[in-house]
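Just so you know, these numbers use all the heavy atoms, side chains as well, and skip hydrogens, waters and symmetry mates. When a ligand or atom number is given, it counts from 1 through the structure's own listing order. Nothing here was measured: the structure is a model prediction, and the numbers come from that model.
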Amino acid sequence: MESRLPPGQRAVEAFHRFGLTPFAKRFPRQTHSRSLEVCGHVQQVLQLQDAFEGLERVAVQSDFHCVTTWTVRALRWEGVRFSDLYWQVLQPQAGPDPEATLVALRGQDGARTALPLEDLLAPEVLLADRLNGEPLTMDHGAPLRLVVPGHYGYKSVKYLCRLEFRRPQDGYAVSGWRFMDHPRARVALEERGRVLPGWLLRWLYRPLIASTVATFARAAAGPAPLNSGAGEGQR
Ligand SMILES: Nc1nc2c(c(=O)[nH]1)N[C@H]1C(S)=C(S)[C@@H](COP(=O)(O)O)O[C@H]1N2
Ligand SMILES: [Mo]
């Protein structure tokens, strides 16, 4: 039997490139190497050339939930577990301060959010480089993306390039308006954003889905010919 969707979510078939519209035209600088910087409150800053080196590859199937209410079911991600990276590389080599229990996440396109380290250590959290049996495409976050299935999609940072260990009281930078980023964003608890309740944000976000998908698809298709798109609203 198919399991029920989390509160306020609706299943869609297609997995589209998506995000905050200002990010539609921002692309990763490089898509060939799984390099990763580890910094912040650590004894040793790390510049990993390959974040997967020496770690066991795993495949995990999970549903992907965007805060705007669409869900794509049963995606098969491949990569390494965040917890393996943490215990086998970050803990021994970077030596994060025990008080730095918050991890700020950054993508090559400038996307920023954060999660408690504890949330990232859940066994289904991956650093992924393959999706549904194929190498990850630029659309979905190549060369390296985070996949945090229990949390809204904005925590699953694409083009992941930096992990910064911070103390909770330091706070962290976010990509959009602050009210849009919940510090945990757990799907099961409908933690869509700060301040406004999740059930209200459903209704504010849902009408934006179609135009956002179109904006991202257009941007990924490349610059429009000069004579097309005249009069089309730019977001
Ligand atoms: N670097 C980066 N990561 C990102 C985003 C983004 O714009 N840039 N968008 C987020 C949002 S809101 C969602 S729903 C998912 C969309 O993932 P997809 O583009 O692979 O569908 O990526 C998340 N991670
Ligand atoms: Mo999203």
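Other residues, nucleotides and ligands contribute over 12 non-hydrogen atoms within 6.0 Å of the CD atom of Q30.
Looking at D84, its side chain never comes within 3.5 Å of a backbone N or O of L55 through a donor-acceptor pair.
Counted by atom type alone, R206 and T69 present one or more donor-acceptor pairs between their side chains at under 3.5 Å. No hydrogens or angles considered: nothing links the side chains of D63 and T71 as a donor-acceptor pair under 3.5 Å.
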Inventory of protein N or O atoms under 3.5 Å from ligand 1 N or O:
| from | atom 1 | to | atom 2 | distance (Å) |
| --- | --- | --- | --- | --- |
| ligand 1 | 1 (N) | D109 | OD1 | 2.8 |
| ligand 1 | 1 (N) | D109 | OD2 | 3.1 |
| ligand 1 | 1 (N) | K158 | O | 3.0 |
| ligand 1 | 3 (N) | K158 | N | 2.9 |
| ligand 1 | 8 (N) | D109 | OD2 | 2.7 |
| ligand 1 | 9 (N) | F18 | O | 3.4 |
| ligand 1 | 17 (O) | R145 | NH2 | 3.2 |
| ligand 1 | 19 (O) | F18 | N | 2.9 |
| ligand 1 | 19 (O) | K158 | NZ | 2.5 |
| ligand 1 | 20 (O) | H140 | ND1 | 2.6 |
| ligand 1 | 20 (O) | R145 | NH1 | 2.7 |
| ligand 1 | 21 (O) | H16 | O | 2.5 |
| ligand 1 | 22 (O) | R145 | NH2 | 3.2 |
| ligand 1 | 24 (N) | S156 | O | 3.0 |

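Counting Ile, Leu, Val, Met, Phe, Trp and Tyr side chains that sit under 4.5 Å apart, directly or through other members, L5 stands alone, with no cluster partners.
Using the six-membered ring where Trp is involved, F64 and W77 have ring planes that are tilted, between 30° and 60° apart.
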